[in-house]
Amino acid sequence: MKRCVCLALCVLLLLCGCGGPAENKAVPLLILRYGENQPEDYPTTRAAEYFAQLVEERTQGKICIRLYCNGELGDENQVLEQVQFGGIDMTRVSMGTLAEYHPEMEVLQLPFLYDSAEHMWRVLDGPIGERFLTSARQAGIIGLSWFDAGARSFYTREPIGGLEDLRGLSIRVQESALMSRMVELLGAKAVQIPYNDVYSALQTAKIDGAENNWPSYAATGHFQAAGYYLQDQHSRLPEMQIMSTVALDKIAEIDEDYVTIVRQCAKECAIYERELWIQEEKAAEKLVRDYGCVVTTLTEEQREKFRRAVQPMYEEYSDEQQALIQEIRDS
């Protein structure tokens, strides 16, 4: 049963705990709010729902997580700011958004940083990923686990088969200096416009293309306006599940062991989210191909051309960051 809910009445919470008949539920000692801007059937939302279920079960109902999806508590930036101040307890945030508050995270957004999804998870599930989760404290939050957000590729209104075809095209990117820099190094013109305006911009030829992952390309209907998908997988952008330091302290006040339980549940739900993401990707790709879109996958030789084109981005980092990049590549 979907648990994306509005703020419940206090009386109902006291009677029913975290949901369900009073006789089957303990009255929670702590109710935490989890903000999610995606719809209730999206992989990250379903994983957050599973997280709440695990925490409730393993704390015997003492801790209840209320999930608010569809951006009910605000957009990603607004929710992140509230988590930093303790107004919202938990959320899932993209690297692009988090890097604005914690610049060290920017390294994880570099194009062609990973050879594959398996490579990325070796990095994030290992010592490097744990260091980044710990360092999130510098941004006033607690890093809990890593969610998948797939690989991003280009899609355009006209046929595109390689690096040469990108030259001169206007490509929509996120409001990110790093993404704009990447697109420009590839020879295209970066255009920063709101996500909700991309479809109309493609239809009216205000832009020639955009870039995103399979599920977003399908769910937004962008494939109907830009039917050429170049599967270059230039960026793999993981997302971080986070908690406020205020929430951490509240949990610890009840029982220090519950902190460990919450952290473990966060990691378990992250594995579940990755499984859901793979399913979502496959379904999205099938929908797009069945519609008749032209999908082109780069050869290794073509991919190497892309890597060389964005190399200046790597050279702009400090020696310390260069060492981290090399550690990631060697993992």
Legend entry - Lys/Arg N to Asp/Glu carboxylate O, R274 vs D125, below 4.0 Å: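 A salt bridge is present here (some side-chain N lies under 4.0 Å from a carboxylate O).
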Legend entry - Test: E72 and R33 ion pair at under 4.0 Å: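 Result for this pair is no, no salt bridge flagged.
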Legend entry - Qualifying residues under side chain to side chain contact (heavy atoms under 4.5 Å, CB included), relative to N213, sequence neighbours excluded: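 Side chain to side chain contact (heavy atoms under 4.5 Å, CB included) check on N213 returns P215, S216, W277.
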Legend entry - By side chain to side chain contact (heavy atoms under 4.5 Å, CB included) - contacts of T260 (at least two apart):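 None.
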Legend entry - Side-chain donor-acceptor contact under 3.5 Å, T45 with Q38: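 Looking only at side-chain atoms, Q38 and T45 do not form any donor-acceptor pair under 3.5 Å.
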Legend entry - Verdict with reasoning, E275 to R46, per salt bridge (Lys or Arg N to Asp or Glu O under 4.0 Å): CA-CA 11 Å; E275 295 171 354; R46 292 171 62 190; over 6 Å; no
Legend entry - Pairs touching residues 84-101 that satisfy side chain to side chain donor-acceptor pair (under 3.5 Å), sequence neighbours left out: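 Residue pairs with at least one partner in residues 84-101: E36-R92, N37-R92, E76-R92, E76-S94, E76-T97, E81-Y101, R92-E239, S94-T97.
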Legend entry - Pairs where residues 286-296 contributes a residue and the test side chain to side chain donor-acceptor pair (under 3.5 Å) is met, not counting sequence neighbours: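 Output for this query lists E285-R289, K286-D290.
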Legend entry - Results of ring-ring contact (aromatic ring centres under 6.0 Å, His included) for Y229 - residues two or more places apart only: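 Scan of Y229 (ring-ring contact (aromatic ring centres under 6.0 Å, His included), adjacent residues dropped) gives W214, Y217.
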Inset, instruction - State whether Y314 and R329 meet the cation-pi test: NZ (Lys) or CZ (Arg) under 6.0 Å from the six-membered ring centroid, and within 45° of the perpendicular axis. - result: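 Here R329 passes the 6.0 Å and 45° test against Y314.
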Applying side-chain hydrogen bond (donor to acceptor under 3.5 Å, both in side chains), name anything that partners [X], two or more places apart in sequence or on another chain.
X: N77; value: none
X: E273; value: none
X: Y114; value: none
X: R181; value: E316

Could you go through residues 126-137 and list every donor-acceptor pair under 3.5 Å that involves a side-chain atom there, pairing it with any protein atom two or more places apart or in another chain?
from	atom 1	to	atom 2	distance (Å)
R131	NH2	E327	OE1	3.0
T134	OG1	E130	O	3.0
S135	OG	H102	NE2	3.2
S135	OG	R131	O	3.4
S135	OG	F132	O	3.0

Inset, instruction - Hydrophobic side-chain clustering at under 4.5 Å (ILVMFWY, transitive links): who's grouped with Y272? Put none if nobody. - result: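 Besides Y272, the hydrophobic cluster comprises Y50, L54, L276, listed by chain and residue number.
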Pairs of donor and acceptor atoms involving the side chains of residues 185-198, under 3.5 Å and at least two apart or interchain, shall be tabulated with distances.
from	atom 1	to	atom 2	distance (Å)
Q192	NE2	S180	OG	2.9

